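Accompanying notes for the structure given below.
This is a predicted model, so every value here is computed, not measured. Chain naming here is simple, since letters A, B, ... match the order of the sequence lines and numbering starts at 1 in each. Note: hydrogens, waters and symmetry copies are ignored here, and every other heavy atom, side chains too, is used.
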Protein chains: 4
Amino acid sequence: MSPTRSGPVRSETARLKILETTARQLADVGFERLTIEGIAAEAGVGKQTIYRWWKSKSAIVAECLVEGMLLEEVQSIRTSGNVKADLAEWLDRVFATISNSESEGLLRSLIVASADNSEVAVRVRGTISGEDTLTSRLRAGIGEAPNLTADAPFQEIAEALVGAIILRTLARAPMTPQETRRLLDATLGTRPE
Amino acid sequence: MSPTRSGPVRSETARLKILETTARQLADVGFERLTIEGIAAEAGVGKQTIYRWWKSKSAIVAECLVEGMLLEEVQSIRTSGNVKADLAEWLDRVFATISNSESEGLLRSLIVASADNSEVAVRVRGTISGEDTLTSRLRAGIGEAPNLTADAPFQEIAEALVGAIILRTLARAPMTPQETRRLLDATLGTRPE
Amino acid sequence: MSPTRSGPVRSETARLKILETTARQLADVGFERLTIEGIAAEAGVGKQTIYRWWKSKSAIVAECLVEGMLLEEVQSIRTSGNVKADLAEWLDRVFATISNSESEGLLRSLIVASADNSEVAVRVRGTISGEDTLTSRLRAGIGEAPNLTADAPFQEIAEALVGAIILRTLARAPMTPQETRRLLDATLGTRPE
Amino acid sequence: MSPTRSGPVRSETARLKILETTARQLADVGFERLTIEGIAAEAGVGKQTIYRWWKSKSAIVAECLVEGMLLEEVQSIRTSGNVKADLAEWLDRVFATISNSESEGLLRSLIVASADNSEVAVRVRGTISGEDTLTSRLRAGIGEAPNLTADAPFQEIAEALVGAIILRTLARAPMTPQETRRLLDATLGTRPE
DNA sequence: CTATAAGCGAGACGGTACGTCGCGTCTTTGA
DNA sequence: TCAAAGACGCGACGTACCGTCTCGCTTATAG
């Protein structure tokens with residue numbers, strides 16, 4: 001076996017077309033009704049080309065997340081000096097995004113994909129909380145809220161927040177701004193305004 | 001249809017056999033590989049009998065939850081006077097149960113079913129937190145933890161806890177006892193021991 | 001067992017409704033797509049009422065034939081003194097009737113029913129040839145055609161004619177008037193005009 | 001679709017296995033109880049492979065006829081110089097074949113298939129009369145019987161004979177040798193011996 | 001003049017087969 | 001040698017009917 005084998009190399013064009021198509025169809029029809037055949041047809045690609053490079057549809061979805069093709073809108077968190085206000089704005093944005101009829105069910109689809117593939121689970125969580133900007137924001141907020149001391153359980157607070165988002169997504173019951181404030185009070189130890 | 005129509009009546013035997021079979025197979029093979037045909041075959045029932053009364057497999061799962069055929073082990077929460085200890089014991093029990101290989105993936109399956117059917121989502125959440133015994137326990141714990149004041153956001157604290165369970169379930173990363181303590185410190189406002 | 005048992009007697013209304021519905025649907029959708037459930041529904045009758053009195057759908061069709069609800073138009077044959085002319089007129093009428101789009105496929109449906117139930121086969125044949133008026137007409141025509149001698153094989157001539165009708169019905173190729181004349185020449189021994 | 005498209009080609013193995021299985025099962029259980037699933041299972045083939053190439057079970061049967069897999073025994077007619085004797089032998093052979101319990105009902109099944117598909121009707125008729133060897137034999141017999149003149153209606157005589165076969169098949173009443181003679185007398189204009 | 005038993009409309013039941021969709025693998029042809 | 005196209009065996013889908021079996025109601029003899 002030669003170190004560099006002969007023949008054409010993986011087609012980047014095909015790879016991107018497949019990812020874009022997957023992202024589009026995932027938002028459109030959801031994970032359960034997403035099919036390899038459908039992706040191949042719309043992407044103008046042979047099925048084998050997909051099977052050659054990915055081992056399941058959740059793996060394609062995972063790669064879409066890595067490429068930042070999904071949930072771009074919810075990855076940033078403001079740092080204004082008031083951690084509760086910043087997180088409230090972020091949570092409101094998250095719930096507004098997932099309630100948007102255009103990508104209705106997208107996060108729910110990602111949850112299903114997560115159940116199939118823990119790589120997706122990790123990516124979804126990372127993506128929702130902006131590649132760990134959530135934990136960073138919490139750490140940056142030491143002193144801005146009673147619970148945010150130097151030895152606070154930042155990781156667990158982040159989990160509680162993201163977990164609540166997931167819970168509400170599954171229940172199709174986005175949080176209202178009042179509820180997000182109460183959630184933040186519960187996890188940051190702040191008091192109602 | 002008249003209020004009392006004549007003719008044969010729904011078979012309770014068939015209904016129970018279907019629910020039992022569904023519960024068993026769900027724990028066995030997971031939601032994605034659960035099939036109506038498989039249920040019908042094992043339950044000794046015609047497919048139409050299933051389609052007549054339920055409109056999807058997630059609807060059957062929802063009824064299993066209502067009948068208490070799933071997740072019975074995690075529905076009770078101790079009330080000892082120490083809310084953090086009680087919830088820690090409960091969380092440890094929850095993670096032990098869902099890590100148990102016998103029902104490996106059961107909760108993950110229920111999450112997938114939830115994505116398909118908000119009825120299931122509501123039931124799963126109700127069941128995990130023991131038909132609202134979680135919120136009740138929190139209310140009963142007023143004064144046992146800094147965050148548990150009379151006007152505390154009990155609902156949101158419960159959501160944060162259940163959400164964290166779901167998050168860890170998807171990531172296939174059950175919380176260790178240390179982590180559950182930190183999560184409780186984060187949501188109850190307690191301090192590490 | 002008493003000679004006359006108690007209880008209500010067979011409902012003539014239901015019987016007739018079933019036969020009428022069957023005749024109508026048979027002409028409409030054909031024998032293969034005729035269903036007991038469809039008959040019961042349209043006739044406003046329980047399925048059991050049908051199964052109680054008939055053992056198959058072809059048996060109902062047979063009874064429709066007995067009741068003269070099917071193919072009434074083709075049962076009479078003229079007796080004018082010219083057997084070839086009379087049979088030509090009858091054959092033309094038969095082919096016109098079965099080509100009529102309104103009952104398109106009715107005879108074909110009856111052939112299928114015949115294959116299932118020899119009772120129907122006998123009835124169809126009897127009905128097409130007008131309760132043996134065909135053989136009668138042939139017997140009455142002794143001397144009107146070369147083959148019609150006193151010891152002629154009347155039965156076999158009739159069979160040849162009806163068989164040809166069936167053949168053309170299956171092939172969806174009705175005979176033209178010219179062809180019917182040639183068929184009659186072949187079986188009656190007459191010569192072309 | 002381009003004239004020569006790339007990609008896999010139709011499997012001849014599968015095609016033949018399907019036709020052979022269909023021929024066997026048709027003789028075994030009859031057309032009404034012949035099922036696509038049964039054929040697929042016995043042929044070791046996916047259902048879709050059948051649906052891809054044929055649009056109904058009668059279409060498969062038609063192709064069996066084309067391939068000469070059905071009714072091979074009745075396709076030849078002797079030419080001895082005595083047309084009545086030759087046809088009598090053929091008719092006796094036909095009725096013997098269709099009465100044979102081994103293929104009991106095969107011709108009846110083909111009649112049902114004909115009702116569904118005129119292609120089958122044409123093929124059955126062509127096959128029974130040996131790819132028009134019947135008409136050929138009649139033409140070859142000019143002068144051997146009163147009705148067989150140069151301008152005789154050969155086609156219609158053939159139809160009368162085949163039609164009678166079908167009629168008797170439906171009635172499950174094969175002709176006796178005496179009856180076949182009378183039928184031939186009726187159509188050929190011969191006299192009883 | 002009951003009571004009892006059958007007929008009736010209705011339709012649930014365990015089944016079989018339908019025709020379709022999508023899976024993951026394999027085969028062919030063209031670039 | 002990869003990629004498109006797509007046929008293949010397979011498994012499940014949701015639907016249509018099958019023939020059997022309750023139901024609750026009505027109706028006509030038999031006691």
Would you call B:E12 and B:R15 a salt bridge, using N to O less than 4.0 angstrom?
yes
B:Y51 OH - E:dG15 P separation (whole Å)
17 Å
If you assign D:G44 and C:V9 each to the DNA chain F nucleotide with the nearest heavy atom, which residue ends up on the more 5' nucleotide?
D:G44
Roughly how many Å is it from NZ in C:K47 to P in F:dC17, rounded to a whole number?
11 Å
Please figure out whether B:K55 or C:K55 has its closest DNA chain F nucleotide nearer the 5' end.
B:K55
May I have the distance from B:K57 (atom NZ) to F:dC13 (atom P), rounded to whole angstrom?
7 Å
Output the single nucleotide from E:dA10, E:dC26, E:dC23 whose closest atom is nearest the side chain of C:Q48.
E:dA10
With no angle test and no hydrogens, is the base of F:dG9 tied to the side chain of D:T49 by a donor-acceptor pair under 3.5 Å?
no
Over all strands shown, is C:G38 touching base, sugar-phosphate only, or nothing at heavy-atom distances under 4.0 angstrom?
nothing
Testing E:dC13, F:dC13, E:dA17 for proximity to the side chain of D:E37, the answer is E:dA17
Gap between atoms CD1 and P, on A:I36 and E:dT25 respectively (whole Å):
11 Å
Between F:dA28 atom P and C:E12 atom CD, what is the distance in whole Å?
15 Å
Between atom CD in C:E32 and atom C1' in E:dC18, what is the gap in whole Å?
14 Å
Carboxylate-amine/guanidinium contact C:R123 C:E67, below 4.0 Å
no
Separation of E:dG15 atom P from B:I18 atom CD1, nearest Å, is 12 Å
Send over the distance from D:R52 CZ to F:dA5 C1', rounded to a whole Å.
13 Å
Below 4.0 angstrom from OP1 or OP2 of F:dG24, is there any side-chain N or O of B:R5?
no
Nearest nucleotide by nearest heavy atom, which residue falls closer to the 5' end of DNA chain E, B:R10 or A:S56?
B:R10
How many angstroms lie between atom CD of A:E63 and atom CG of A:L70, to the nearest 0.5 angstrom?
11.5 Å
Can you tell me how far CD1 of D:I60 sits from CD1 of D:I36, rounded to the nearest 0.5 angstrom?
4.0 Å
Starting the side chain at C-beta, find the nucleotide from F:dA3, F:dA12, F:dT22 nearest to A:W53.
F:dA3
Nucleotide nearest B:A14 when distance is taken to its side chain, options F:dG6, F:dA3, E:dG14
E:dG14
Locate the shortest heavy-atom distance separating A:E119 from A:A62; write the atom from each residue and the value.
CG-CB, 3.6 Å
